[in-house]
Amino acid sequence: MFQSKIAGMGYYVPKNVYTNNDLTRFMDTSDEWIQERTGIKERRYADRLEETTTTMAVEAAKIAIERAKTTAQAIDFIIFATLSPDYYFPGCGVLLQREMGMKEIGALDIRNQCSGFVYALSIADQFIKTGMYKNILVVGSEKQSFAMDYSTRGRSVSVIFGDGAGAVVVQPTTEEGKGILSTHLHADGADAEKLAMYYPGASAGKWLENKPNWPDKELGDIFMTPEMLEDGSVTAHMDGQAVFKKAVVKFPEVIAEALQKNNLQTGDIDMLIPHQANLRISQYVQKTLGLSDDQVFNNIQKYGNTTAASVPIALCEAWEQGKIKDGDLVCLAAFGAGFTWGSALIRW
């Protein structure tokens, strides 16, 4: 079997910067309130009408493909992770394929939210190891600003999230001990509703205590109603305390699992790239593992939580800043809605 490596990386963030103070124009909040709870100072928002999840992914992919010294025509599979697709269906993978003029290759869209990129990278790793594909484009991209509630009612969620895209090209390598050493994926749906966007969806509120008042009809009309738009039912819901409690347990667990699998210790990590969910979570995990500031990379302060895009954006930015060098042991870890979580250990 082959070993897989990240051959090229790229990221794109929109030019529109919104500071915490900017958000006070729309809701009752403050820079101090947001920073204290999340560590976020500002975030990027895509152009409302011109930029999409796919267009941002294209920009990130162009850079990753160039750095991998390959071409869009040489890509033989796409894995696209997002919770904010351009369309309800089809997925963004085929739109990216179209916009980049690629061949009629397979395009897989996955919905693992914050852990989406780690899940996607794991899938790519398996395809490369078996020899099925040789140039896989793995993308995490999000345009979350289009669906946030920018009123005081929705501030606990909307102040956290931002837009952006990250991409990597995964290729086989014959260098012994180099590349992706292992990946580890987990899920627990017991508390799925603690962090979710319930509508639009096909559940009709089956799993919820408070169900909408659907029209009294024999068929249809349970996708969305005007009332749901008014009362905020079609925005994301989050029990922040529940997410925090689970994340600070599962993050260290899945990192330790990766290290144990490869007979390594926490001190062997040269760079940990955690999903940028909340700076307080990252700091708690860092303290739990006993890692120094030089061993952990955070950029949530600038970009907010870009969900599936956060790990590849942070990974690429850390590499561009010279914080990841040849031979370094790099650990990627993510936790998010589902709940789903995972890690990937890479020898650079």
Side-chain angles (χ1 to χ4, degrees), residues 6-18 38-47 51-68 78-85 92 96 110 112-122 124 137-145 160-170 251 271-279 281-282 285 296-324 328 330-337 342-344 346 348:
I6 294 176
M9 299 178 288
Y11 78 95
Y12 172 84
V13 289
K15 66 180 183 299
N16 304 315
V17 178
Y18 277 76
T38 68
I40 299 168
K41 297 180 180 179
E42 60 187 41
R43 72 285 294 147
R44 303 292 183 95
Y45 289 152
D47 182 275
E51 288 186 305
T52 76
T53 296
T54 299
T55 66
M56 291 188 292
V58 167
E59 297 306 313
K62 286 177 181 176
I63 299 169
I65 289 170
E66 181 180 358
R67 286 174 171 169
I78 298 165
I79 308 176
F80 200 122
T82 187
L83 61 69
S84 53
C92 288
L96 175 68
I110 65 171
N112 289 88
Q113 293 65 251
C114 296
S115 58
F117 180 80
V118 174
Y119 265 70
L121 188 65
S122 180
L137 179 64
V138 180
V139 178
S141 183
E142 305 286 5
K143 182 181 177 180
Q144 302 175 113
S145 57
I160 297 172
F161 295 94
D163 300 339
V168 303
V169 174
V170 182
F251 257 118
M271 182 57 64
L272 170 64
I273 308 286
H275 159 57
Q276 305 295 298
N278 183 310
L279 185 61
I281 292 176
S282 294
V285 172
V296 183
F297 187 82
N298 290 299
N299 61 5
I300 190 172
Q301 302 94 320
K302 296 188 298 181
Y303 305 131
N305 180 350
T306 53
T307 308
S310 81
V311 170
I313 289 174
L315 176 65
C316 186
E317 194 168 61
W319 175 78
E320 287 181 351
Q321 293 177 13
K323 296 180 183 295
I324 297 176
D328 280 356
V330 178
C331 185
L332 313 180
F335 175 90
S343 64
I346 305 168
W348 211 255

With a 4.5 Å cut-off on side-chain heavy atoms, are [Y] and [X] touching?
X	Y	answer
Ile324	Phe297	no
Gln276	Tyr303	no
Leu137	Leu96	yes
Ile63	Tyr12	no
Cys114	Asn305	yes
Met271	Trp348	no
Phe80	Thr53	yes
Leu315	Ile6	yes

Report task. Please test Leu332 against Phe117 for side chain to side chain contact (heavy atoms under 4.5 Å, CB included), starting from the C-alpha separation and ending with a verdict. Result -> CA-CA 10 Å; Leu332 313 180; Phe117 180 80; 4.2 Å; yes
Report task. Rounded to the nearest 0.5 Å, what's the gap from CD1 on Ile313 to CD1 on Ile273? Could you check? Result ->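 Going from the CD1 atom of Ile313 to the CD1 atom of Ile273 covers 12.0 Å.
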Query raised in the report: How long is the gap from CD1 on Ile300 to CD1 on Ile160, to the nearest 0.5 Å?
Result: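 One gets 8.0 Å once the value is rounded to the nearest 0.5 Å.
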Holding to side-chain hydrogen bond (donor to acceptor under 3.5 Å, both in side chains), I want the full list of residues that pass it with [X], two or more places apart in sequence or in another chain.
X	result
Thr38	none
Tyr45	Tyr150
Glu142	Thr82, Ser84

Measure across [X] and [Y] and return the closest heavy-atom pair with its distance rounded to 0.1 Å.
X	Y	answer
Ala309	Ala165	CB-CA, 3.9 Å
Ala124	Val170	CB-CG2, 4.2 Å
Ala334	Val311	CB-CG2, 4.4 Å
Thr306	Gly164	CG2-N, 4.3 Å
Ala57	Val139	CB-CG1, 3.6 Å
Ala308	Ala81	CB-O, 3.6 Å

Please check: side-chain N/O of [X] versus main-chain N/O of [Y], any donor-acceptor pairing under 3.5 Å?
X	Y	value
Arg43	Asp163	no
Ser115	Val118	no
Asn112	Tyr119	no

Query raised in the report: Do Arg44 and Glu51 sit within salt-bridge range, that is, some charged N less than 4.0 Å from a carboxylate O?
Result: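 Salt bridge flag = no for Glu51 with Arg44.
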**Report entry** side-chain contact (heavy atoms from CB on, under 4.5 Å) partners for Ser282, two or more places apart
**Finding:**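 Partners of Ser282 by the side-chain contact (heavy atoms from CB on, under 4.5 Å) criterion, ordered by chain and then number, come out as Pro274, Asn298.
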Requested in this report: Please identify each residue that fulfils salt bridge (charged side-chain N to carboxylate O under 4.0 Å, His left out) with Asp47, with sequence neighbours left out.
Outcome: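 So Asp47 forms no salt bridge (charged side-chain N to carboxylate O under 4.0 Å, His left out) with any residue.
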Query raised in the report: Around atom NZ of Lys302, are there more than 12 heavy atoms of other residues, nucleotides or ligands at under 6.0 Å?
Result: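 Yes, the 6.0 Å shell around NZ holds more than 12 heavy atoms from other groups.
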Query raised in the report: Is the number of heavy atoms from other residues, nucleotides or ligands within 6.0 Å of CD (Glu66) greater than 12?
Result: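 No, because the 6.0 Å sphere around CD of Glu66 holds 12 heavy atoms or fewer from other groups.
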**Report entry** Contact list for residues 306-316, test salt bridge (Lys or Arg N to Asp or Glu O under 4.0 Å), sequence neighbours left out
**Finding:**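 Passing the test, one end in residues 306-316: no pairs.
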Query raised in the report: Going through the checks in order, is the side chain to side chain contact (heavy atoms under 4.5 Å, CB included) test met by Arg67 and Val169?
Result: CA-CA 9 Å; Arg67 286 174 171 169; Val169 174; over 6 Å; no
